[in-house]
Amino acid sequence: MQGMIMHHAQAVEMTALIASHTENKELRSLGARISSSQSDEIKLMQRWLAARGERISVDMPGMEHVAPFVAPTSSCPVCLLRSRWRL
């Protein structure tokens, strides 16, 4: 479940790029719908895990150096996702 949260967070991050790459209203609308639905699913999965006493964060082998408070301006994609989604 924790891996799916990260997967959904990546989708939200990718849809955020749409506005700067196209003026196509249909693509922008699709991106907004994807972002909204994936964000809602992230919240649902976080609540599901919390209700079961499970950890919400994802263990990422090789990323032990990453602090949980890394600024969103980080160049590390995992750092950015963790800081934005509190993973």
Side-chain angles (χ1 to χ4, degrees):
M1 184 69 73
Q2 293 89 347
M4 287 306 295
I5 292 173
M6 179 67 80
H7 173 74
H8 282 51
Q10 290 170 332
V12 172
E13 294 299 314
M14 287 188 288
T15 61
L17 300 173
I18 293 173
S20 64
H21 288 78
T22 185
E23 294 294 323
N24 184 303
K25 290 180 183 180
E26 290 178 16
L27 283 177
R28 286 176 171 229
S29 177
L30 175 62
R33 290 192 312 270
I34 291 170
S35 181
S36 177
S37 67
Q38 299 296 282
S39 295
D40 288 346
E41 289 184 23
I42 289 169
K43 292 172 193 165
L44 174 72
M45 290 185 281
Q46 289 174 330
R47 286 192 309 267
W48 188 91
L49 288 166
R52 288 156 180 77
E54 298 287 332
R55 58 187 173 75
I56 294 172
S57 64
V58 179
D59 290 331
M60 300 293 289
M63 298 300 290
E64 294 82 12
H65 69 284
V66 177
F69 53 84
V70 173
T73 57
S74 171
S75 61
C76 170
V78 173
C79 301
L80 177 62
L81 290 171
R82 281 186 161 180
S83 65
R84 195 163 293 165
W85 291 100
R86 295 183 200 86
L87 301 176

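- Taken from CD in Gln10 to CD in Gln38, the straight-line distance is 11.0 Å, to the nearest 0.5 Å.
- Residue Leu27 holds its CG atom at 13.0 Å from NZ of Lys25, rounded to the nearest 0.5 Å.
- With Gln2 contributing its side chain and Arg55 its backbone, the two residues share a donor-acceptor pair below 3.5 Å.
- At a threshold of 4.5 Å between side-chain heavy atoms, the hydrophobic network of Ile, Leu, Val, Met, Phe, Trp and Tyr places Ile56 and Trp48 in one connected group.
- Of the possible donor and acceptor atoms, none in the side chain of Ser39 sits under 3.5 Å from a partner among the backbone N and O of Ser36.
- Considering only residues two or more places apart in sequence or on other chains, Met45 meets the side chain to side chain contact (heavy atoms under 4.5 Å, CB included) condition with Met1, Met4, Ile5, His8, Glu41.
- Distance alone, capped at 3.5 Å, places no donor-acceptor pair between the Arg28 side chain and the Ile18 backbone.
- Residue Leu17 is found outside any hydrophobic cluster, as its side-chain heavy atoms come under 4.5 Å of no other Ile, Leu, Val, Met, Phe, Trp or Tyr.
- The two residues Thr15 and Val12 come nearest to each other via the heavy atoms OG1-O, 2.8 Å.
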| said: Gln46 vs Ile42, test: side chain to side chain contact (heavy atoms under 4.5 Å, CB included). Steps then yes/no. | reply: CA-CA 6 Å; Gln46 289 174 330; Ile42 289 169; 3.8 Å; yes
